Amino acid sequence: MARLFALLATVLALCAAPAAAQGYGNGEREEEGASAVDRTRIDPYIEASQIFTWQLSPGDDVVTYTQVAAGVDAQLRGRNSGAAVSVRYERNFAWDDNARDTDRITGIARAYTAIIPRTLQVEAGALASRTRTAGTGGSVIAPIIGDDDTTTKTYSLYAGPTLTTRVEDVQIDANYRIGYTRIDGPDFVTLQGDEVDLFDESVSHSAMVRAATSPGMPFPVGVGAGAGFYQEDIDNLDQRVRDAYVRGDVTIPVSRTLAIVAGAGVEDVEVSSRDAIRDVDGNPVIGSNGRYLVDKSSPRRIAYEADGLIWDVGVIWRPSSRTQLQATFGRRYDSDTFYGSFNWQPSSRSNVSIGVYDSLQGFGGRVNDALATLPTDFDVLRDPVSGDITGCTSPTVGSNCLAGLLGSVRSSVFRGRGVVASYSHRVGLMTAGIAAGYDNRKFIAAQGTVLAAANDVVDESYYVTAGVSGPIWEGSFSVNTFGSWFDSGVGEFGDTFSYGSSASYYQSIWQNLSARAAVSIYAVDSELSEADIRAATALLGLRYDF
């Protein structure tokens, strides 16, 4: 999987392109790269460092590592293509017999390339990250040098074409995406007594087509009609989410900057799964990999289904090119729904973003959707010692903070709702930013299966990340802080709180060679275990930028 991610990141960097911007409520899209000036920034590097890790709790131990790393940070922008890529591979050699050597790859990539300029493009994205995961299903960010029994690695990628064209006054948009997500987790993925099952892998498909007119072309109001389909097949107990809809909508201009949007249609949603193989005593059988063995001969059990009318009404407010608000309230999934976004650029040096989301899908589909909404000018926040991705992308768009995406890794399908907000600002050559969010997942599982205990369980995640970076003296510095709190929906499992901070400094030595120093500290407090984790690390090394 690591080689697959590295290959994909290389391809994206060579032939990818920026995401299209959404139009004024009628499905119209603009190619961000079509009018942009060609610019390319590719920063490959290699590093060699000495790392000292102090485990303060549980126990009291010091471990030394030699780290060798290579990576690339790139942003490419052309008329018909663009990409943002941050990928890093590292190898850690342990000096202590009680520690083991590790290697890993982490990164995020998002890109597209135009097949037919301003009409047909192919886009793709990928993610590789690490977190700490407990048997509760909670996943928290905690920079780790060596892997242990709680280390979880998440890999995700998606690709697909997007069509945007016009037939006289009618704007036509269509897209298709196929996605794959996998978690390589610890051996405790299934706790037979408590029936907590962690996500393994899934394949998702989504497709959409929509035709719409703008207000005044040719009608006084904008009208649109569309259809969509989503399916995610989750390996755990052969779970499946299937969602299909057909709907129409209108856009009613109130003023030059304000419009009311409303729509209605029909939707058919179904969540189903199979049961595990049972032994003679009726207990579920667990395979050698710690996961339930699926009984392929068992009938598919319906966990959730809803069909019938869906509707929504909302507003679009765009007073300037730097300010946009979209808020929608409606009825879907047999309950009320609310979602929207707010983006504001008070100046060319600052940005405010708020996103509210509501969806029904599995873990893999959630990650794929977040990748698809990434822009192509993001920067990635990494821990300077471990290299792990610890926060949100910057600028943050929608719900792309890792703590929110990876907060709960149960295998069951869920109704996911939440909000994320961010603010970034540049002062001279320095950049500072802060982001915070809340993620709520209500799980859905079929009665009569081993996952039934997860039905109606609600896991919640709260998270915040902040950082500042810029030049200082003859070098550059960065300071980053993060915190995440996972509240398990199973009462006896309790909460898990993860927090940490890091600081780093780069000093140029000669041409492209620089010295680097960094320190970090993090902690993981869990009500499930008395062995809370406290650790501090320090790094001294050299970096060469090509």
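Please read these numbers as outputs of a predicted model, since none were measured by experiment.
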Decide yes or no on side chain to side chain contact (heavy atoms under 4.5 Å, CB included) for Arg410 and Phe443, but give the supporting numbers first. CA-CA 9 Å; Arg410 292 178 185 266; Phe443 293 92; 3.4 Å; yes

Polar side chain donor-acceptor pair, [X] to [Y], under 3.5 angstrom:
X: Asp233; Y: Gln231; result: yes
X: Gln326; Y: Tyr339; result: no
X: Thr481; Y: Ser501; result: yes
X: Asp358; Y: Thr337; result: yes
X: Glu201; Y: Tyr180; result: yes
X: Ser272; Y: Arg300; result: yes

Parallel, tilted or perpendicular: rings of Tyr438 and Tyr462 (30°, 60°):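 Because their plane-to-plane angle lies in the 30° to 60° range, the rings of Tyr462 and Tyr438 count as tilted.
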
Indicate the ring-plane relationship of Phe342 and Trp344, choosing parallel, tilted or perpendicular according to the 30° and 60° boundaries.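 Rings of Phe342 and Trp344: tilted, 30 to 60°.
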
On a heavy-atom basis, which atom in [X] and which in [Y] lie closest, and how many Å separate them?
X: Pro253; Y: Thr251; result: CD-O, 3.5 Å
X: Gln239; Y: Ser412; result: OE1-CA, 3.4 Å
X: Leu76; Y: Ala74; result: CD1-CB, 4.0 Å
X: Ser348; Y: Arg426; result: O-NH2, 3.1 Å
X: Asn236; Y: Asp200; result: OD1-N, 3.0 Å

Test side-chain hydrogen bond (donor to acceptor under 3.5 Å, both in side chains) applied to Ser156 and Thr181, step by step: CA-CA 4 Å; Ser156 183; Thr181 301; 2.9 Å; yes

For the residue pair [X] and [Y], establish whether any side-chain heavy-atom pair is separated by less than 4.5 Å.
X: Val261; Y: Ile316; result: yes
X: Asn343; Y: Ser353; result: yes
X: Tyr230; Y: Ser204; result: yes
X: Asp456; Y: Val458; result: no
X: Ile234; Y: Val413; result: yes
X: Arg130; Y: Thr152; result: no
X: Ile172; Y: Arg166; result: no
X: Asp383; Y: Asn480; result: no

Drop me the distance from [X]'s [atom1] to [Y]'s [atom2], to the nearest 0.5 angstrom.
X: Leu120; Y: Thr164; atom1: CG; atom2: OG1; result: 9.0 Å
X: Tyr304; Y: Ser273; atom1: OH; atom2: OG; result: 15.5 Å
X: Ser461; Y: Asn440; atom1: OG; atom2: CG; result: 9.0 Å
X: Ile115; Y: Thr162; atom1: CD1; atom2: OG1; result: 11.0 Å
X: Trp311; Y: Thr328; atom1: CH2; atom2: OG1; result: 11.0 Å
X: Leu325; Y: Leu258; atom1: CG; atom2: CG; result: 9.0 Å

Can any side-chain N or O of [X] pair as donor or acceptor with the backbone N or O of [Y] at less than 3.5 Å?
X: Thr165; Y: Thr119; result: no
X: Tyr158; Y: Val367; result: no
X: Arg110; Y: Gly125; result: no
X: Thr373; Y: Ala370; result: yes

Determine whether Glu232 and Ser202 satisfy the following criterion, side-chain hydrogen bond (donor to acceptor under 3.5 Å, both in side chains), listing intermediate values before the conclusion. CA-CA 7 Å; Glu232 183 177 357; Ser202 75; 2.9 Å; yes

Does [X] come within less than 4.0 Å of [Y], counting only side-chain N to carboxylate O?
X: Lys153; Y: Asp184; answer: no
X: Arg247; Y: Glu267; answer: no
X: Arg331; Y: Asp336; answer: yes
X: Asp268; Y: Arg242; answer: no
X: Arg332; Y: Asp312; answer: no

Exactly one of Arg366, Arg415, Arg417 should register a salt bridge (Lys or Arg N to Asp or Glu O under 4.0 Å) with Asp439. Which one does?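 For Asp439, the salt bridge (Lys or Arg N to Asp or Glu O under 4.0 Å) check succeeds only for Arg366.
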
Run the numbers on Asp525 and Thr496 for side chain to side chain contact (heavy atoms under 4.5 Å, CB included), then give the verdict. CA-CA 6 Å; Asp525 295 334; Thr496 301; over 6 Å; no

Run the salt bridge (Lys or Arg N to Asp or Glu O under 4.0 Å) test on Arg182 and Asp235 for me, step by step, so that the C-alpha distance in whole Å, both residues' side-chain angles and the decisive distance to 0.1 Å come before the verdict. CA-CA 10 Å; Arg182 177 180 178 83; Asp235 186 66; over 6 Å; no

Would you please test Thr257 and Arg318 for side-chain hydrogen bond (donor to acceptor under 3.5 Å, both in side chains) and show each step? CA-CA 5 Å; Thr257 61; Arg318 185 178 293 173; over 6 Å; no

Would Asn175 and Leu163 count as a side chain to side chain contact (heavy atoms under 4.5 Å, CB included) here? Give the steps. CA-CA 6 Å; Asn175 64 52; Leu163 173 69; over 6 Å; no

For a side-chain hydrogen bond (donor to acceptor under 3.5 Å, both in side chains) check, start with the C-alpha distance between Asp73 and Ser86, then their side-chain angles and the critical distance, and finish with the verdict. CA-CA 4 Å; Asp73 294 315; Ser86 177; 2.7 Å; yes

Any chance you could lay out the side chain to side chain contact (heavy atoms under 4.5 Å, CB included) test for Leu371 and Ile108, step after step, and finish with the verdict? CA-CA 8 Å; Leu371 283 173; Ile108 301 179; 4.3 Å; yes

